[in-house]
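Structure record follows, encoded as C-alpha cells.
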There are 2 protein chains.
Amino acid sequence: MPSPTLSDVAREAGVSLATASRAFNGSATRTVRPELRDRVRDAAARLGYTPDANAQAMARGRSSALGLVVHDIADPYFSSVAAGLGEAAEAEGLVVTLASTRTDPVREVEVVELLSRQRARAIVLAGGRLDGGRSDAVLTAALTRYVDGGGRVATVGQPLGDLPCVRIANRDGARDLAAALCGLGYRDVVVLRGPVGHQTADERTQGLLEGFAAHGVEVPGERVVTGDFTRDGGYGAATGVLPVLRGRPGTAVVAVNDVMAVGAMAALRDGGLDVPAEVAVAGFDDIATLRDVVPGLTTVRLPLQEIGAAAARLALADDPAQQVVVRGEVVVRASTPPRP
Amino acid sequence: MPSPTLSDVAREAGVSLATASRAFNGSATRTVRPELRDRVRDAAARLGYTPDANAQAMARGRSSALGLVVHDIADPYFSSVAAGLGEAAEAEGLVVTLASTRTDPVREVEVVELLSRQRARAIVLAGGRLDGGRSDAVLTAALTRYVDGGGRVATVGQPLGDLPCVRIANRDGARDLAAALCGLGYRDVVVLRGPVGHQTADERTQGLLEGFAAHGVEVPGERVVTGDFTRDGGYGAATGVLPVLRGRPGTAVVAVNDVMAVGAMAALRDGGLDVPAEVAVAGFDDIATLRDVVPGLTTVRLPLQEIGAAAARLALADDPAQQVVVRGEVVVRASTPPRP
DNA sequence: TTGTATGCGTTATCAT
DNA sequence: ATGATAACGCATACAA
C-alpha cells in the first residue's frame, strides 16, 4: 500500500541500493551495466516505484522547486507571467510552487519564508512592494537568509537591491504612449495613476507625465488621481473625475494598466459618457483576454509570458546578478481615435 | 553560510535536538517548559534558522504541498480556480504546486507522476481529458498508484472514476441559458460547441440543445460547430458560420465558454456583422475580466474561486469520496437583447 | 519534562 | 562495475 522505496526495487531486482540508485541517475562516471540497469527499471515498473522528491532533495542538497510569488494569480497579468515561468520551469525539470500575497507586505515576507522552507531552487518575485520601500528591510532580510542558504532570487518589474531583475521599461513605454496620444491630438488628459508607492504604477505615471510634458501637455495635479491597481480601482478613480470629463469632451483617460482602464471605461459609461466619442481611454500591458473588447483598448503591449520565462532563467542562472530589460510597444486601437 | 539546522539551534540553545524540535511543533502531550522554549526560539532567531520542509516531509511521512493541475494557468477560468484553491491551501498551511498540461493527455500523466514524486498531500485535477476517455486508463493507473501511496485526489468538472469531484452542473446551466434565450425570443441558434470529447464542452452542448428543444427550437447539426475551447477556437468557429448568420439576422450564437464567445464576437464584427443588433452572442463561466465588455456578455455565472476552494477541501478531507455540485446562474446582458 | 536513539528515502563516498 | 555505509535534517518512540 505505501509507495515502494528504492530499497524495495533493489531487492526485487536483486541488486544493491546503490546500484538501483545509479540505474536511474546514471552519471557519466558511475555507469551501470545495461543488463542490470534494465533489470532495475523493470523491477521499478513492476512495483510501481515513484522516487521521493523530498528524499532526493535532502540527499542532493537541493530541491526541484521554483517559487513564484505574485499578488493575485487571478490577475491576468500575473497568470500570464506564471504561464511563461511554468514553461521555463518545465524545461528545467522543475516544479513551480505558487504563492500569493494579496499585496500584503507582511504576507509577502511570510511567503518568502515559506518558499525558503521548501528549499526552493530559486524564487521569482513578481509584483512588488506597495508601501514605498517601508517593508523592504524585512523582506530583504528574509531574502538574504534565503540567498545565504544557497537560494537564488530574481524579481520582475521591481529591482530590489542588486538582485537579478527583469526590468520593464515602464517609463519609456508610458512616455511612448503619451507621445502617441499627443500625436493623435489629445491635449486634455487625466491619469489614473494607481496607488502611490506602487513602483510600477509610479514609473508609468512618471513616464506619462514626462511624455505629455515633452509635447507641451501639462497635466495638473488634480487630474492625476489614485486608485487601486485593479478593475475596481480604475472604476472608482474614473468615477471621481466624472465631473471634470463632462466639462471637457475629448479628454483622454490614461490608466496605468489595462484592468484599471477597463474599470474606468465601465465607470465612464455608467456616468453617461460615450467612449471613445466623448472620452478616450488607454491602458498598459495589453492583457490577452482584453484584446477583443470594443472599442479596442489602446495600450502598451508587454510580452508577459516571455517576461515570466526570462525571470525563471535569470533566477536559475548561476551568473552574477543580471538585468534584462524588456520594452513595451504602443498599440493604438479604437479607444483613442484621432482628435482633430 | 549554509542554512543552520535544528541541531545548530539545539546546540546554540544548549538543549537536545528533540527538545528543540518540540519547541516548535509543541504537541499537546509532549510539551516543553516555557523557559526552554523561548531559549530555543531565541537561538533560532539569532541563527536565522529555517526548518527544512523536505526533511520534515520525510520524517513526518507527508509533505505540505497541494498539487494543482490545469490546462493553462493563463486561462482566466483556471487562474480563478487557482486563486480559490490557493486561499484554501494557505488556510491549511499548505503550499500549492502548479502544473500545466497544455491539454496534452501525455503531459497530464507526466504531471500526475511529477506531483506524486513530490508526495503532494493531494492533487486537484482541474480541466479534464479531451480525448474522450482514451487516455483515462493510463491516467487512472497513475492516480491509483498515487492514491495507493496515500495521496488524495479531487477533480473539478470532470468526474473520474469515483474520485471526489466538484461537479459543475453544466447541463443544467446550459439548459437554463437556452431557456433564457428562448424567453428573449430567439428561434435561430448556432452553437459553438468546442472540441468533441471535451467533457465540459460536451455537457454544455448537450444542455443547450436540450434546453432549446424543450422550447421548440431545434438546432440542425450543421449549426453546431466545433472549435478549440479557446478565444481562437471561438473566432475560427464563428468565422465558419458567417454565411449562415448573414442570411438569418437575429440569430443567437452560443459558445460553450466566455473566451470562445469573445473570440466569436470579434469574428462576427470582423465579418461585418453588428453585435448584438444583427447577431446575439452568449457564453458560459462569467469570467471576471470580461464582465465589462460591451455589449455585456450574456453568460452563466460560475463561482470559480469557490470551486477551487471546494476542490481543495474535498481533496484534503479524509471523508470517503464526496461530490459537491455547484450550479451556475444565468446572467442576461446586452449581448442578447430581446427579439420581438 | 528532557535526552537518546532510530528511521524516513535517497545520494554519494568509500571500498571492493 | 558493484556493494556497504555514512550522511542529509528532522520527528518521534522510548528511556531516563
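This structure is a prediction, so every number in the text was calculated from the model and none was measured. A note on names: the letters A, B, ... follow the listed sequences, proteins ahead of strands, and every chain is numbered from 1.
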Looking only at side-chain N and O atoms, does [X] come under 4.0 Å of OP1 or OP2 in [N]?
{"X": "B:S21", "N": "D:dC10", "value": "no"}
{"X": "B:R33", "N": "C:dT1", "value": "no"}
{"X": "A:Q56", "N": "C:dT11", "value": "yes"}

Nearest-Å distance, [atom1] ([X]) to [atom2] ([N])?
{"X": "B:R39", "N": "C:dT1", "atom1": "CZ", "atom2": "P", "value": "16 Å"}
{"X": "A:L6", "N": "D:dT2", "atom1": "CG", "atom2": "P", "value": "15 Å"}
{"X": "B:N54", "N": "C:dT10", "atom1": "CG", "atom2": "C1'", "value": "12 Å"}
{"X": "A:D52", "N": "D:dC8", "atom1": "CG", "atom2": "P", "value": "18 Å"}
{"X": "B:D38", "N": "C:dT2", "atom1": "CG", "atom2": "C1'", "value": "16 Å"}
{"X": "B:M58", "N": "D:dA11", "atom1": "CE", "atom2": "C1'", "value": "11 Å"}
{"X": "B:N25", "N": "D:dT12", "atom1": "CG", "atom2": "P", "value": "6 Å"}
{"X": "A:F24", "N": "C:dA12", "atom1": "CZ", "atom2": "P", "value": "15 Å"}

Check whether any side-chain N or O of A:Q158 sits under 3.5 Å from a backbone N or O of A:T200 as a donor-acceptor pair, and report yes or no.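 It does hold such a pair.
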
Taking the nucleotide of DNA chain C with the closest heavy atom to each, which residue, B:A59 or B:L36, is nearer the 5' end?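 Between the two, 5'-proximity favours B:L36.
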
Comparing B:S16 and A:T19 on DNA chain C - which has the more 5′ nearest nucleotide: B:S16

Could A:E92 and A:R121 be called an ion pair, given the rule that one side-chain N must be under 4.0 Å from one carboxylate O? no

Does A:R145 pair with A:E113 as a salt bridge, N-O distance under 4.0 Å?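 Yes, charged N to carboxylate O under 4.0 Å.
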
Name the nucleic acid region contacted by A:Y49, choosing base, sugar-phosphate or nothing; use a 4.0 angstrom heavy-atom cut-off, strictly under. sugar-phosphate

Less than 6.0 angstrom separating the ring centers of B:Y77 and B:F229, yes or no?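 No, the ring centres sit 6.0 Å or more apart.
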
Which of the following nucleotides, D:dT2, D:dC10, C:dG3, is nearest to the side chain of B:L17?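 Side chain of B:L17 sits closest to D:dC10.
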
Polar pair under 3.5 Å, donor/acceptor by atom type, side chain A:R22, base D:dG3: yes

Closest heavy-atom pair and its distance - A:L47, A:P4: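 The pair with the smallest heavy-atom distance is O-CG, 3.4 Å.
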
